[in-house]
Amino acid sequence: MKSAEIRQKFLDFFASKGHQIVSSSSLVPHEDPTLLFTNAGMNQFKDVFLGFDKRPYTRATTSQKCVRAGGKHNDLENVGYTARHHTFFEMLGNFSFGDYFKRDAITYAWELLTVVFGLPKDKLTVTVYAEDDEAYDIWTKEIGVPVERVIRIGDNKGSRYASDNFWMMGDTGPCGPCTEIFYDHGEHIWGGPPGSPEEDGDRFIEIWNNVFMQFNRDEAGVMHPLPKPSVDTGMGLERIAAVLQGVHANYEIDLFQRLIAAAARETSGADMDSPSLKVLADHIRACSFLIADGVIPGNEGRGYVLRRIIRRAIRHGYKLGARAAFFHKMVPDLVAEMGAAYPELASGEKRVMDVLKQEEERFFATIEHGMAILEDELAQMAAAGSTVFNGETAFKLHDTYGFPLDLTADICRERNFTVDAPAFDAAMARQKEQARAAGKFKMAANLEYDGPATTFHGYDTLEFKGNVLALYKDGVAVNELHEGDMGVVVLDNTPFYAESGGQVGDRGALQSVHGIFAVEDTQKIQATVFGHHGVVKTGTLTVGNNVTAKVDIQARSRTVRNHSATHLMHKALREVLGGHVQQKGSQVDPDKTRFDFAHNAPMSDEEIRKVEAIVNAEVLANAATEAQIMGIDDAQKSGAMMLFGEKYGDEVRVLSIGSSKELCGGTHVTRTGDIGLFKIVAESGVAAGVRRVEAVTGDNALALVQQQQAVLAQAAAAFKAPVAELPAKIAQTQEAVKALEKELAKLKSKLASSQGDDLVNQAVEVKGAKVLAATLEGADVTALRETMDKLKDKLKSAAIVLASSAEGKVTLIAGVTADLTAKVKAGELVNQVAQQVGGKGGGRPDMAQAGGTQPENLPAALDSVAAWVAGKL
């Protein structure tokens, strides 16, 4: 039975039992920031089990994409070397939300395995939690499993409920006993049943786990029965496929055999049992599905994990002999195998291939040097009898050649070496400290402040009275700033927004009876302390002064228009380009918004117009903007977008603008209509898989349109045509120019030809050959070449140099007939002439070209040709 058929039979079976088939959720658990990747079938139902979410169904079944390659659940280093470890796997599951419980869950599992899948009953062994008499009785008395094959698993971790057969979501909350089903692969494989001393062997393999959420554990550890007990089950598709296909290892199933064959094809790997081929077969699944779900290779978070997996795959391909990008070529094989079950993979095939290819090309550019360093270090260690790889060298490989630590460790492990991880961590810490020191902004980096926090009032007003808490000049605290002094002012209250979240700091003025301080920028000295950077325009500013802080109204208004438009643009980009679009950086100032996002291809003109149309439709709707402060959990439930890699506190600010809802602490318009006009002005690439869009709004957008209209009007006047007729007029003019250029080329050729006829008589005889060196006035390269061909035909045995000059540049062409090329090389001939006119050149023995910058030397250079040729003959 093929893997695809097993997947479908599982879903169909539970659908027949009243379960709703629910599509797999994304590998990126946007609704759960506690998870790096979706790693279990129940992840998307977590809020349902906790009672925070209500679904229109009480029974569900899924085939869930899962990745375990980072954080707590990390199988990466074992992949390729064991029978059942994977970075990506599929978890088949059925779930009951307060509907059926133990009896039905156990009955369904047994029926599917023994009736639908036809597994021999005597090959199945089950485990139950030692105290779960109910489950034990169902298995032994109702299902009829012999008591010797129903094993009670007790507490083995030092406290009650600390058992492999008792599941907990956390220290508190829903929990309950499990019953697991094991398949016996046979006596020829070492290992014993669960609970025995040999349980770690490979004979008895767990294929299904049924979790019974029966209790709610409070902070005191007391178990309270849940009013609606639930069921969460999981069965690995790869494991059950191995059983049903009569093989022992997951890599022997049909799905992996096709991918292993693809890996062998792309790397020319001959040994089909090579662990490296298994690594490639596994990693292409994880990488492709992660990219399809919006993750791109990067240096932190999910992007870094993806990059590690890709580079581990490339290294194994390199080990098999690959020396150029190959990994991306396996994607079509994966799509053919799994695209029908996961449409997002099929629809994103090209993008997945493009992202992988870019990442491969980047790593292949450095892997050769990195591997040489690594191999040299390993050779020295072997000679010295050492078994610990130098941590500093491991860091150099990471920092300079892109080798993640676990990749170096993986290579070392193959040779029975270990890496000095503490030394690596120390080198990494030093680099981070140096980077922090180099990246400190302006004077704020060295400001020492231990006073009260700054209270921000800028959401509601652009003018507010405050007291000067501290002053700094040249990074040192002072009591006063005088006229002309540049410095930093800290206030207890301010309407000035300090740069954060991509929005630049406000500018304006601090006014008092003692003087005026012009604020040029506002930055955070500490998380809640604002520094107003600027210069004293008049008078003196003293610690303790009362000031009126006034934000530059026009600059703030332009900035908030751009910031609000950025939110709408982000949502529009996701609608037009796809859900993989994620913010990778932004800068919002009074002049523009600059937005970086994950996408692997330039935007077309049509896509840009669609995004503009969506944003401007939101502007015309003139919806009110709403900002709410709420707990992070409530924000997640509200559907607010949270950015990859961002860290949020317990309370967050949720901003709703039109149809966009994001977490944001910035300042914004009151209504979407305040944005005015939205116009994209530029789109470009800034890094592998990252695009950048720049846009303007309001009066800046109006100014842009007016400027473009002025340019159009000038062009229309120059072409003496209405603006509407400009495209046709320009096309007409271009055709006319092309026709004239063709006519001019013909005339030049005719002129050169006539000159060529005259030149035949100027050739001199040198040792039985004709030598000609001459200038053709007004001839371009094409004319020179055509003339050269005619002269060679007429002179039969000749060495020829033709030249022309224009605008201070010399063009040279040398030609030698075939009978003379053994002695006279056209490339050498043209080069010796070119050197005399300030240039150089070369080419084939029979035809060569060169240039120069000293036309005044051309006559003498041509006069030298005959003697040079004579010397060669």
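- Using a distance-only test at 3.5 Å, with no hydrogens or angles considered, a donor-acceptor pair links the side chain of Gln526 to the main chain of Tyr449.
- Side-chain N/O atoms of Ser659 and Glu618 include a donor and acceptor closer than 3.5 Å.
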Passes side chain to side chain contact (heavy atoms under 4.5 Å, CB included), Glu520 versus His533? Steps please. CA-CA 6 Å; Glu520 299 171 354; His533 296 248; 5.7 Å; no
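- Judged purely by atom type and a 3.5 angstrom limit, Asp589 uses its side chain to pair as donor or acceptor with the backbone of Lys592.
- The closest side-chain heavy-atom distance from Val654 to Leu663 is below 4.5 Å.
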Please assess Met603 against Val576 for the test side chain to side chain contact (heavy atoms under 4.5 Å, CB included), listing each intermediate value before the final yes or no. CA-CA 10 Å; Met603 291 179 66; Val576 173; 5.5 Å; no
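- Here Lys571 contributes atom NZ and Glu662 contributes atom CD; the two are 10.5 Å apart, rounded to the nearest 0.5 Å.
- A donor atom on one side chain and an acceptor atom on the other are not found under 3.5 Å apart for Thr540 and His514.
- Thr697 and Asn562 share a side-chain donor-acceptor pair at under 3.5 Å.
- Using a 4.0 Å cut-off between charged nitrogen and carboxylate oxygen, Glu480 and Lys473 do not count as a salt-bridge pair.
- For Asn479, the CG atom is densely surrounded, since the number of other residues' heavy atoms within 6.0 Å is greater than 12.
- A distance-only check finds a donor-acceptor pair linking the side chain of Asn43 to the backbone of Ala40 [under 3.5 Å].
- A donor-acceptor contact shorter than 3.5 Å is absent between the side chain of Ser564 and the backbone of Arg561.
- Aromatic ring pairs are classed by plane angle as parallel below 30°, tilted from 30° to 60° and perpendicular above 60°; the pair Phe530 and Phe456 is tilted.
- Counting heavy atoms from C-beta outward, Gln582 and Arg574 have side chains that approach closer than 4.5 Å.
- Taking the side chain as every heavy atom from C-beta outward, Arg362 and Pro297 never approach each other to under 4.5 Å.
- You'll find the side chain of Leu306 reaches within 4.5 Å of the side chain of Cys287, heavy atoms only.
- Aromatic rings from His532 and Phe517 are positioned such that their centres are separated by 6.0 Å or more.
- A salt bridge is absent between Lys524 and Glu499; no separation between the charged side-chain nitrogens and carboxylate oxygens falls under 4.0 Å.
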List the steps, then state whether side chain to side chain contact (heavy atoms under 4.5 Å, CB included) holds for Thr454 with Val490. CA-CA 8 Å; Thr454 303; Val490 177; 4.2 Å; yes
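- The CG atom of Leu27 lies 4.5 Å from the CG atom of Asp293; values are rounded to the nearest 0.5 Å.
- For the pair Asp492 and Pro452, the minimum side-chain heavy-atom distance is 4.5 Å or more.
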Residues 621-630 side chain polar contacts: donor-acceptor under 3.5 Å, at least two apart:
{"from": "Asn622", "atom 1": "OD1", "to": "Gly673", "atom 2": "N", "distance (Å)": "3.0"}
{"from": "Thr625", "atom 1": "OG1", "to": "Val669", "atom 2": "O", "distance (Å)": "3.0"}
{"from": "Thr625", "atom 1": "OG1", "to": "Thr670", "atom 2": "O", "distance (Å)": "3.4"}

When you look at Thr522 and Tyr497, which way does the side chain to side chain contact (heavy atoms under 4.5 Å, CB included) test go after all the steps? CA-CA 7 Å; Thr522 308; Tyr497 181 82; over 6 Å; no
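- In this structure, CG on Leu573 lies 11.0 Å from CG on Leu568, to the nearest 0.5 angstrom.
- Between Phe424 and His398, the two ring planes are perpendicular [angle over 60°; tilted spans 30° to 60°].
- The 12-atom threshold is not exceeded at CZ of Arg507, counting heavy atoms of other residues, nucleotides or ligands nearer than 6.0 Å.
- Residues Gln64 and Ser25 have side chains that bring a donor and an acceptor to within less than 3.5 angstrom of each other.
- With hydrogens and angles disregarded, no donor-acceptor distance shorter than 3.5 Å links the side chain of Arg556 to the backbone of Thr667.
- Cation-pi geometry between Arg430 and Phe395 is not satisfied (NZ or CZ under 6.0 Å from the ring centre, within 45° of the ring normal).
- Proximity of the aromatic rings of Phe595 and His570 is defined here by a centroid distance below 6.0 angstrom, and this criterion is met.
- Between the side chain of Asn39 and the main chain of Arg68, no donor-acceptor pair closer than 3.5 Å is present.
- A donor atom on one side chain and an acceptor atom on the other are not found under 3.5 Å apart for Gln44 and Thr38.
- The backbone N or O of Gln587 sits nowhere less than 3.5 Å from a side-chain atom of Arg594 that would complete a donor-acceptor pair.
- When the salt bridge (Lys or Arg N to Asp or Glu O under 4.0 Å) test is applied to Arg609, no partner is found at least two apart in sequence or on another chain.
- No hydrogens or angles considered: nothing links the side chains of Glu483 and Thr538 as a donor-acceptor pair under 3.5 Å.
- Checking side-chain atoms of Asp552 against main-chain N and O of Val519 turns up no donor-acceptor pair under 3.5 Å.
- The CD atom of Glu683 sits 5.5 Å away from atom CD1 of Ile608, with the distance rounded to the nearest 0.5 Å.
- Formation of a donor-acceptor pair under 3.5 Å by the Arg302 side chain with backbone atoms of Leu36 is found in this model.
- Taking the six-membered ring for Trp and thresholds of 30 and 60 degrees, His599 and Phe597 have nearly parallel ring planes, at less than 30 degrees apart.
- Within the 4.5 Å cutoff, the side chain of Ile525 has heavy atoms near those of the Val488 side chain.
- Of the residues Arg692, Lys584, Arg691, the one that meets the salt bridge (charged side-chain N to carboxylate O under 4.0 Å, His left out) test with Asp596 is Arg692.
- Rounding to the nearest 0.5 Å gives a distance of 8.0 Å between OG1 of Thr559 and CG of Asp591.
- Counting heavy-atom neighbours within 6.0 Å of Leu702 CG, excluding the residue itself, gives a total above 12.
- Tyr472 places a side-chain N or O within 3.5 Å of a backbone atom of Glu448 that can act as its donor or acceptor partner.
- Considering only heavy atoms from C-beta on, Val547 stays 4.5 Å or farther from Val489 through its side chain.
- Here Met42 contributes atom CE and Phe45 contributes atom CZ; the two are 9.5 Å apart, rounded to the nearest 0.5 Å.
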